[in-house]
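Order of appearance sets the numbers: ligands from 1, and atoms from 1 within every ligand.
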Amino acid sequence: MKKVGIIMGSDSDLPIVKKAVDMLKVLEIPFEVHIYSAHRTPAEARDFAVNARANGFGVLIAAAGMAAHLAGAIAANTTLPVIGIPCKGGMMDGLDALLATVQMPTGIPVATVAVGGGANAALLAAQILAVSDTALAARLDARRAADAAAVLEKDAAVMEKL
Ligand code: RP5
């Protein structure tokens with residue numbers, strides 16, 4: 001199976017990245033995690049993106065906050081699908097990072113999840129890989145069914161609580 005590559009701009013992004021890692025583990029998807037910054041280590045971020053396809057990656061996830069250029073910088077250097085996770089910074093509750101991540105120019109797309117949306121980033125990566133992996137697609141179907149069952153269980157219980 002192709003790997004998912006997760007890059008974060010700083011170790012301060014780790015709590016959000018952990019949500020993606022946990023979901024990839026549940027779905028049994030191989031992954032690598034790196035700290036490369038579009039601003040502090042631009043050469044390493046670029047090298048990772050340029051070589052990602054040859055190194056066995058199928059999807060890349062990039063998490064960054066503030067002037068969140070990481071996902072765009074990664075996407076500029078690969079045609080693998082890139083998923084951006086905007087991270088909360090000290091200002092605007094992450095709206096700054098959301099706009100910096102999502103507002104990409106035509107030609108260099110970044111699929112952007114919600115601010116702090118680590119789990120959804122992993123699920124989207126899984127859904128991309130599942131296009132050509134029926135076993136993974138079955139695991140995703142099972143997960144959806146389990147999530148729906150959990151909601152219906154709460155539905156059955158809610159009136160008793162009120
Ligand atoms: C971004 O700046 C990082 O992705 C992080 O979200 C933010 C702050 O980084 P630190 O100053 O905590 O290292 O590049």
Could you tell me if the side chain of Tyr36 sits less than 4.5 Å from the side chain of Arg46, heavy atoms only? no
Provide, to 0.1 Å, the distance between atom 7 (C) of ligand 1 and the closest protein heavy atom, together with that atom's residue and name. Met66 SD, 3.8 Å
If every non-hydrogen atom of Ala49 is compared with every non-hydrogen atom of Ile74, which pair is closest and at what distance? CB-O, 3.6 Å
I want to check something: taking the side chain as every heavy atom from C-beta on, are Asn120 and Leu123 in contact at a cut-off of under 4.5 Å? yes
What atoms in ligand 1 come closer than 4.0 Å to a heavy atom of Gly65? 1 (C), 2 (O), 3 (C), 4 (O), 5 (C), 6 (O)
Does the side chain of Leu129 come within less than 4.5 Å of Val4's, by heavy atoms? yes
Identify, for atom 10 (P) of ligand 1, the protein heavy atom at the shortest distance, and state residue, atom and that distance. Ser10 OG, 3.4 Å
Tell me: protein heavy atom nearest atom 11 (O) of ligand 1, and distance? Arg40 NH2, 3.1 Å
Parallel, tilted or perpendicular: which fits the ring planes of His39 and His69, with parallel below 30° and perpendicular above 60°? perpendicular
Atom 3 (C) of ligand 1 sits nearest the protein heavy atom Asp13 OD2, 3.4 Å
Between ligand 1 and Ser12, is the shortest N or O to N or O distance under 3.5 Å? yes
